[in-house]
Amino acid sequence: MEAVRGRATRGDGPFTRRASDLLGKITGASQVLLTTSCTHALEMSAILLDLQAGDEVIMPSFTFMSTANAYALRGAVPVFVDCRPDTLNVDERMIEAAITDRTRAVVVVHYAGIACAMKEIDELCERYGLALIEDNAHGLGGFYRDRPLGSFGRMAAQSFHETKNVQCGEGGALLLNDVGLASRAEIIREKGTDRSRFFRGQVDKYRWVDIGSSYLPSDVLAAQLTSQLEDFDAIQLRRHAGWSAYHEGLAEWSASNGVLRPVVPDGCEHPAHLYYLLLPDLGNRQEFIRHLAARGVQAAFHYQPLHSAPAGLRFGRVAPGGCPVTEEIADRLVRLPLFADLDEAGVARVIDAVQAYEVI
Ligand SMILES: *Cc1c(COP(=O)(O)O)cnc(C)c1O
């Protein structure tokens, strides 16, 4: 309301600054640019990398389509690598075989906010001179070896879509850890103009200076985001309570039914973004979702592999070794409801409904 009353409704107003500062504190990013979505932040990263048609960008097949789409839009070729069966993150041992003369970048996604093997991936990127980008849509507030997720890549993209831990309906941010990218990033975000410099009084008129688009969100959305970020610790506490209750409450049931729970490797602190189970097969997964729905519990599957999706086949290619793990786990995965306002009784009801299912 304050944003509307203050007529600060266009972008880059006081709430945009406040939200950006709060995000900088959580992620340690040297510069934060709020965007209209994570998809748009990824598109900005593709422009900033100066990708040319035929350049290759390595990424997991098990991710949201925006991860690939942002680079395909620039004419680059997404190269899809399989995931690890434990964390469902890109399998770091399979990245090197995917590198060619055309490879320019590696995009990691920390699935469920559980970090990828950043030490190995970072070293590989250094060795081959590749840009590391984090699609950190799940990872806000997570850590890898005491370092915040979002601080590893040259750039990282955040999402504030309604389904994320911190949200303003639709929104995102581009985090820059390479300050050399800052002035161009600001131009790309402002329709290819130097309007940000103009507003700071650094130039006397603003002009068209580069390609770009309209990637900045209204300050009204930034106000909603600010209030969420100010509540961040409380939101996280409640999400962790739900996550841990599932994890403990379903330990026995999952062991006796051949169901796998999330694996959190040593050194990873996750932000309780989602809680998932891996059923033994597709038949059980579908039956399990029906079983829960009949008990009033909405559970959902998640990403379908990108390497075999129609646009994945058209614009991308699959890395050597294929993506057999991705194909399998995409059929077996179920997400349980996890919201900040899910109370203890709600979690207990879900656990009861889950435990009433017997794997066939
Ligand atoms: C949600 C999500 C996105 C897209 O976020 P938007 O803000 O809706 O554009 C991209 N990548 C991943 C991994 C996501 O989970």
Side-chain angles (χ1 to χ4, degrees), residues 60-65 67 82-91 109-114 137-139 161-165 238-265 268 270-309 312 322-360:
S61 173
F62 190 64
T63 179
F64 193 62
M65 40 295 261
T67 317
D82 207 3
C83 63
R84 290 166 48 145
D86 57 352
T87 58
L88 317 187
N89 284 329
V90 65
D91 191 332
V109 179
H110 310 293
Y111 187 71
I114 297 167
H138 299 191
H161 183 262
E162 187 186 56
T163 51
K164 303 306 197 286
N165 287 27
R238 294 198 297 270
R239 294 190 76 99
H240 274 290
W243 199 100
S244 302
Y246 283 146
H247 206 58
E248 281 153 36
L250 296 174
E252 226 168 274
W253 172 84
S254 57
S256 53
N257 281 280
V259 172
L260 300 179
R261 296 173 305 151
V263 172
V264 184
C268 296
H270 70 88
H273 174 55
L274 56 88
Y275 194 84
Y276 69 85
L277 295 169
L278 289 174
L279 276 286
D281 51 48
L282 178 63
N284 269 296
R285 198 268 303 269
Q286 299 306 79
E287 198 45 46
F288 182 62
I289 290 176
R290 272 194 293 275
H291 162 95
L292 292 178
R295 283 159 181 77
V297 174
Q298 273 198 0
F301 57 90
H302 210 186
Y303 303 134
Q304 297 306 292
L306 293 185
H307 69 279
S308 53
C323 297
V325 179
T326 303
E327 278 163 26
E328 206 209 295
I329 57 105
D331 279 348
R332 293 170 47 205
L333 189 141
V334 185
R335 290 173 291 159
L336 299 183
L338 183 63
F339 312 105
D341 51 9
L342 186 67
D343 60 9
E344 238 174 277
V347 173
R349 264 198 307 279
V350 176
I351 292 176
D352 282 347
V354 170
Q355 286 174 336
Y357 183 77
E358 267 181 61
V359 164
I360 36 178

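In this structure, the side chains of Tyr303 and Leu333 stay at 4.5 Å or more apart for every pair of heavy atoms. Looking only at side-chain heavy atoms (C-beta outward), Arg239 and Pro271 stay at 4.5 Å or farther from each other. Residues Pro85 and Ile329 form no side-chain contact, since every pair of their non-hydrogen atoms from C-beta on lies 4.5 Å or further apart. For the pair Arg261/Leu277, a side-chain contact is recorded, criterion being any heavy-atom separation below 4.5 Å from C-beta on. Between Val109 and Val90 there is no side-chain heavy-atom pair separated by less than 4.5 Å. In this structure, His307 and Glu327 have side chains that are in contact, with non-hydrogen atoms separated by less than 4.5 Å. Here the side chains of Val354 and Val259 are not in contact, with every heavy-atom distance at 4.5 Å or above. Side-chain atoms of Arg295 and Arg349, non-hydrogen and from C-beta on, never get closer than 4.5 Å to each other.
The list of ring pair (Phe, Tyr, Trp, His ring centres under 6.0 Å) pairs with a residue in residues 322-354, not counting sequence neighbours, is empty.
With sequence neighbours left out, the salt bridge (Lys or Arg N to Asp or Glu O under 4.0 Å) criterion links Asp331 to no other residue.
Shown are Tyr111, Phe64, Tyr276; of these, the ring-ring contact (aromatic ring centres under 6.0 Å, His included) with His302 is made only by Tyr111. Screening Ile114, Val325, Val263 against Asp86 for a side chain to side chain contact (heavy atoms under 4.5 Å, CB included) leaves a single residue, Val263.
Atom OG1 of Thr326 and atom CD of Gln304 lie 11.0 Å apart (nearest 0.5 Å). With rounding to the nearest 0.5 Å, the separation of NE2 in His273 from OG1 in Thr163 is 6.0 Å.
With a 6.0 Å radius and a threshold of 12 heavy atoms from other residues, nucleotides or ligands, Phe301 has its CZ atom at or below the threshold. Heavy-atom neighbours of Gln298 CD from other residues, nucleotides or ligands within 6.0 Å: at or below the threshold of 12.
Side chain of Ser244 to main chain of Ala241: no donor-acceptor pair is present (N/O by atom type, distance under 3.5 Å, no hydrogens or angles). With Gln355 contributing its side chain and Gly249 its backbone, the two residues share a donor-acceptor pair below 3.5 Å. Between the Ser61 side chain and the Leu306 main chain, a donor and an acceptor come within less than 3.5 Å of each other. At least one donor-acceptor pair under 3.5 Å links the side chain of Arg285 to the backbone N or O of Ala330. Side chain of Asp91 to main chain of Asp82: no donor-acceptor pair is present (N/O by atom type, distance under 3.5 Å, no hydrogens or angles).
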